[in-house]
Amino acid sequence: MRQTDQKLMEIDPSGTARGYYGCAVGKGKQNAKTEIEKLDLSHMTCRELVKEVAKVIYSVHDEVKDKHFELELSWIGKETMGTHQLVPQEIYNEAKTYAEEALNDSDDDARTCRRNTSC
């Protein structure tokens, strides 16, 4: 592998390694994987992906069952010259706002649908 090549790998407890465009681990991983599969990851920039990942994290979090969480976002790629880093604060804020607005829009749609029997 050349120095400029990056790959996302998941190694499970048995030691099996798999390469992905996007993956999820931990609580809610199946729902997150389902949402990730809907994205066209190979044609998105890292900045676009950060926003979509934040949206996925917010969408799979169950406010009733799960504890409050703190969103943490990091990346590796051309923007970071191949090193793992937290996303810059400006991009973090943009992604968090995007995700929260998408969640609020989703909640509004669900409330409208409950009032409307045609949904």
Side-chain angles (χ1 to χ4, degrees):
M1 185 179 346
R2 293 187 326 247
Q3 181 69 18
T4 59
D5 292 342
Q6 294 94 24
K7 292 189 177 199
L8 175 62
M9 304 294 291
E10 175 189 30
I11 302 172
D12 67 24
S14 71
T16 303
R18 294 180 185 90
Y20 293 93
Y21 280 109
C23 68
V25 295
K27 188 173 183 177
K29 74 178 180 181
Q30 199 55 49
N31 291 339
K33 283 183 180 182
T34 300
E35 293 302 313
I36 290 169
E37 288 170 359
K38 296 175 185 177
L39 301 173
D40 188 9
L41 301 173
S42 64
H43 294 99
M44 296 174 77
T45 67
C46 281
R47 286 175 179 252
E48 292 168 331
L49 289 169
V50 167
K51 289 169 65 171
E52 292 300 327
V53 165
K55 183 174 135 183
V56 168
I57 291 168
Y58 272 85
S59 72
V60 300
H61 181 259
D62 186 338
E63 292 180 22
V64 175
K65 293 181 190 175
D66 300 333
K67 296 179 193 175
H68 174 75
F69 73 96
E70 183 175 333
L71 181 66
E72 296 179 352
L73 299 169
S74 60
W75 61 0
I76 183 171
K78 291 178 184 172
E79 290 88 345
T80 66
M81 294 185 282
T83 61
H84 179 249
Q85 298 176 5
L86 292 174
V87 298
Q89 192 65 44
E90 175 188 334
I91 296 170
Y92 172 89
N93 293 340
E94 192 176 303
K96 186 174 180 183
T97 300
Y98 175 80
E100 290 172 340
E101 287 174 355
L103 184 65
N104 290 336
D105 289 347
S106 170
D107 289 347
D108 290 345
D109 290 346
R111 280 191 289 275
T112 301
C113 190
R114 282 194 295 268
R115 283 185 248 136
N116 214 342
T117 56
S118 63
C119 293

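Each residue takes its place number in the sequence, starting with 1.
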Subject >> N-O pairing of Glu48 and Lys51 below 4.0 Å >> reply: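 Result for this pair is no, no salt bridge flagged.
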Kindly compute the distance separating [atom1] ([X]) from [atom2] ([Y]), expressed to the nearest 0.5 Å.
X: Asn104; Y: Thr97; atom1: CG; atom2: OG1; value: 10.5 Å
X: Lys38; Y: Lys33; atom1: NZ; atom2: NZ; value: 15.5 Å
X: Ile36; Y: Leu41; atom1: CD1; atom2: CG; value: 7.0 Å

Is there a continuous path of hydrophobic side-chain contacts, each under 4.5 Å between heavy atoms, that joins [X] to [Y]?
X: Phe69; Y: Val53; value: yes
X: Tyr98; Y: Leu49; value: no
X: Ile91; Y: Leu71; value: yes

Keeping [X] on the side-chain end and [Y] on the backbone end, is there a donor-acceptor pair under 3.5 Å?
X: Thr16; Y: Asp12; value: no
X: Glu37; Y: Thr34; value: no
X: Thr80; Y: Ile76; value: no

Which heavy atom in [X] sits nearest to a heavy atom in [Y], and how many Å separate them?
X: Cys46; Y: Glu79; value: CB-OE2, 3.6 Å
X: Ala17; Y: Ile11; value: CB-CG1, 4.0 Å
X: Glu52; Y: Met44; value: CG-CE, 3.4 Å
X: Ala95; Y: Ala54; value: O-CB, 3.7 Å
X: Val60; Y: Ala32; value: CG1-N, 3.6 Å
X: Val56; Y: Ser59; value: O-OG, 2.9 Å

Subject >> Side-chain heavy atoms of His84 within contact of Trp75, under 4.5 Å >> reply: no
Original post:
Does the side chain of Glu72 come within less than 4.5 Å of Tyr92's, by heavy atoms?
Top reply: no
**OP:** Verify the distance criterion only: is there a donor paired with an acceptor across the side chains of Asn93 and Gln89 at less than 3.5 Å?
**Re:**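 A pair is found: one side chain offers a donor N or O, the other an acceptor, under 3.5 Å apart.
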